[in-house]
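The structure under discussion appears below in the form of structure tokens.
For reference, positions follow the sequence shown, starting with 1. Counting starts at 1 for both ligands and their atoms, following the listed order.
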Amino acid sequence: MLIIMRTQLYINGQWVDGASKVAVYDPSDNSVIAEVSLASISQCEDAISAADAAAVAWAKSAPRVRSEILRKAFEIMTSELEAIATLISRENGKAMPDARGEAAYAAEFFRWFAEEAVRTPGDFRKSPSGDKRILVTHQPIGLSILITPWNFPAGMATRKIGPAVAAGCTMILKPATETPLTAMYIVDIMERAGLPKGVLNLVLPEKTGPAISMMLHDPRVKNLSFTGSTEVGRVLLKEAADNVIRCSMELGGNAQVIICDDADLAVTIPQLLLAKMRNGGAACTAANRIYVQRPIADKFISELTKSMSAFVMGRGTDTSTTLGASVSMKERNKIAQIVDESVAAGAKVHLGAKLPDGDGAFYPATVLGVEKDNPILNHEIFGPVAPVVIFDTDEEAIALANDTDFGLISYVFSSSLGRAIHIAEAMESGMVAINKGVISDPAAPFGGVKQSGLGREGGFDGIHEFLQTKYIGVEIL
Ligand code: NAD
């Protein structure tokens, strides 16, 4: 199996060395996988110039041309799925089943936006007073900065590149420093799919903050699409305010799960395991606060603990592994600290909560019984830790679930659809899953409310993050 290992920057259709290099690590043993190029500020400026020079022609290109490039990228990515999954697993640490799932999910954004590229809606109407015609069209917003996190190095990149290509925008992709190799592979795919030079550029700046600040203050930059923590998102919103740059923000989560006393545990447990353990819990959608109703609480905790204890922790690429490493020792230690604080505050340990020996960034599957004021409920855990709280009434569960600044996704488990929809409608989140552990889908609008973000990716909304609406009023003589 050939794994494409690009390690350079991609500027104006050329793979180029940077000003210096940084190591990318395999978090399962902290060995170096590769050294990748880091861009100087002037190379970041070169990327802006390249994307700007390509912008006019690319915006005018036929939607069908853009659609076929995306379709080709989907086909290449699908045929190289195992290689991409292996690279994701190596640099991110996640288990191969998770990496394969991510690679397939990521490729689907290219297929979905290949289909969307030729379906941009418009409008032609008579004004209510009859004095004119109202013509509404959508145009590419222009040069876009795409910033992605380490937890889904493929999926978060294609979820932005797909709609930007479909809309006719040029781009500069800035992947996470921990996981740039997957992003470089995806850029290589776009090159092979026939994307013209300058349309997509990739930089990994030596100094992230100052480089992105420079970009957001360059008048040629029109749009920022960011996925990452709320903390960094807030900084970037302030930076983007100076030039009033359009922002799409996919930020942190603190997902609530409400398990009602009429939930079918045979459905609930496997689905909850998906919501909690996909990616080893390092997902913005990961079940973070699990509220279970008292009559079924003991049975639920015992079955959850049994299922969680079956996870096999190890190097992501080992065939037996179902729980891989965190991306780095730093991230792993953050999880340990959150759990230790929770236990010190009175959490009951049903499973795990002990650091393993050895060098890898591993944290074991953990189940905690906690009171509703335990500090773990205020953290995005980003690890394989399930804190469980017992509730009595639906009203109490709704109030506890909404008691957070975040609002990305909620999960509801009940055998009564009416009851589940009643709770779903009360959830302060951009997405709600009913009796299901994963609802992310390229064909559905993904995004949060409150401090989980602004805008939506995927679905019919996704392309509009890269389009601006133009109204043309026409006098009919
Ligand atoms: P992060 O915010 O630390 O980093 C995200 C990206 O921003 C990285 O590329 C990083 O290099 C870059 N960055 C960091 N500081 C910057 C600065 N000052 N200026 C510009 N760029 C900067 O997040 P992370 O640790 O990589 O990812 C985990 C976070 O991402 C979690 O909070 C998770 O919930 C969130 N996330 C959200 C979604 C979503 O769709 N809502 C999806 C995946 C991850």
**Request:** Identify, by atom number and element, the atoms of ligand 1 in contact range of Ile147, meaning under 4.0 Å from any of its heavy atoms.
**Result:** 6 (C), 7 (O), 9 (O), 12 (C)
**Message:** Among Gln256, His379, Lys372, which residue satisfies the side chain to side chain contact (heavy atoms under 4.5 Å, CB included) criterion with Arg289?
**Reply:** Gln256
**Request:** Could you grab the distance from atom CE of Met308 to atom CG of Leu272, nearest 0.5 Å is fine?
**Result:** 8.0 Å
**Message:** Is a donor from one side chain sitting under 3.5 angstrom from an acceptor on the other, for Glu380 and Asn254?
**Reply:** no
**Atoms of ligand 1, numbered as shown, that sit under 4.0 Å from any heavy atom of Phe446** = 39 (C), 40 (O)
**Item:** Proximal candidate to atom 36 (N) of ligand 1 [heavy atom criterion; set Cys284, Ala176, Pro205]
**Value:** Cys284
**Enumerated ligand 1 atoms positioned under 4.0 Å from heavy atoms of Leu236** = 19 (N), 20 (C)
**Asked** Below 4.0 angstrom, N of the basic side chain to O of the carboxylate: do Arg456 and Glu465 qualify?
**Response** no
**Request:** Please work out whether any backbone atom (N, CA, C, O) or any side-chain heavy atom from C-beta onward of Lys330 is under 4.0 Å from ligand 1, and answer side chain, backbone, both or neither.
**Result:** neither
**Request:** Identify, for atom 27 (O) of ligand 1, the protein heavy atom at the shortest distance, and state residue, atom and that distance.
**Result:** Pro149 CB, 3.3 Å
**Message:** I'd like to check which ligand 1 atoms, numbered from 1 as shown, lie under 4.0 Å from a non-hydrogen atom of Gly253.
**Reply:** 34 (O)
**Item:** Glu80 bridged to Arg192 by N-O distance under 4.0 Å
**Value:** yes
**Message:** Checking a contact table here: which protein heavy atom is nearest atom 23 (O) of ligand 1, and how many Å away?
**Reply:** Ser229 N, 3.4 Å
**Fill in**
The answer for which part of Glu331 has a heavy atom under 4.0 Å from ligand 1 is neither
**Request:** Please work out which of Leu173, Val232, Thr285 has its closest non-hydrogen atom nearest to atom 16 (C) of ligand 1.
**Result:** Val232
**Fill in**
Counting heavy atoms under 4.0 Å, the part of Ile212 that contacts ligand 1 is side chain
**Complete:** Heavy-atom proximity to atom 11 (O) of ligand 1 ranks first, among Arg234, Glu231, Met431, Lys174, for Lys174
**Prompt:** Relative to the heavy atoms of Arg159, which atoms of ligand 1 are at a distance of less than 4.0 Å?
**Reply:** 39 (C), 40 (O)
**Complete:** At under 4.0 Å between heavy atoms, what of Leu251 touches ligand 1? The answer is backbone
**Request:** Tell me which part of Ser213 gets within contact of ligand 1: side chain, backbone, both or neither, using heavy atoms under 4.0 Å.
**Result:** neither
**Message:** For Val292, run the side chain to side chain contact (heavy atoms under 4.5 Å, CB included) check against Thr268, Ile258, Val388 and tell me which one passes.
**Reply:** Val388
**Request:** Give the residue, atom name and distance (to 0.1 Å) of the protein heavy atom nearest atom 35 (C) of ligand 1.
**Result:** Gly228 O, 3.2 Å
**Leu38 CG to Leu204 CG distance, which is reported to the nearest 0.5 Å** = 5.5 Å
**Prompt:** For Trp150, is the nearest heavy atom under 4.0 Å from an atom of ligand 1?
**Reply:** yes
**Asked** Can you check whether Met5 reaches Leu87 side chain to side chain, under 4.5 Å on heavy atoms?
**Response** yes
**Item:** Atoms in ligand 1 flagged as close to Phe382, the criterion being non-hydrogen separation under 4.0 Å
**Value:** 28 (C), 31 (C), 33 (C), 34 (O)
**Asked** Are any non-hydrogen protein atoms located under 4.0 Å from atom 19 (N) of ligand 1?
**Response** yes
**Prompt:** Looking at CD1 of Ile11 and CG of Leu200, how far apart are the two atoms once the value is rounded to the nearest 0.5 Å?
**Reply:** 11.5 Å
**Request:** Check Ile338, Asn151, Asn279 against Phe382 for a side chain to side chain contact (heavy atoms under 4.5 Å, CB included) and give me the one that passes.
**Result:** Asn151
**Prompt:** What's the spacing between Glu91 CD and Thr179 OG1 if we round to 0.5 Å?
**Reply:** 5.0 Å
**Item:** Heavy atom of Gly453, distance to ligand 1 below 4.0 Å
**Value:** no
**Separation of Leu224 CG from Arg246 CZ (nearest 0.5 Å)** = 11.5 Å
**Request:** Look up atom CD1 in Ile145 and atom CD1 in Ile172, then write down how far apart they are to the nearest 0.5 Å.
**Result:** 4.0 Å
**Prompt:** Quick one: does Pro175 get a heavy atom under 4.0 Å from ligand 1?
**Reply:** yes
**Item:** Per-residue contact class, Thr148 against ligand 1 - non-hydrogen pairs under 4.0 Å
**Value:** backbone
**Asked** Is Glu108 paired with Arg111 through a side-chain N to carboxylate O contact shorter than 4.0 Å?
**Response** yes
**Request:** Between Asn288, Leu224, Thr208, Asn151, flag the one that comes closest to atom 21 (N) of ligand 1 by a heavy atom.
**Result:** Thr208
**Request:** Identify, for atom 34 (O) of ligand 1, the protein heavy atom at the shortest distance, and state residue, atom and that distance.
**Result:** Glu380 OE2, 2.5 Å
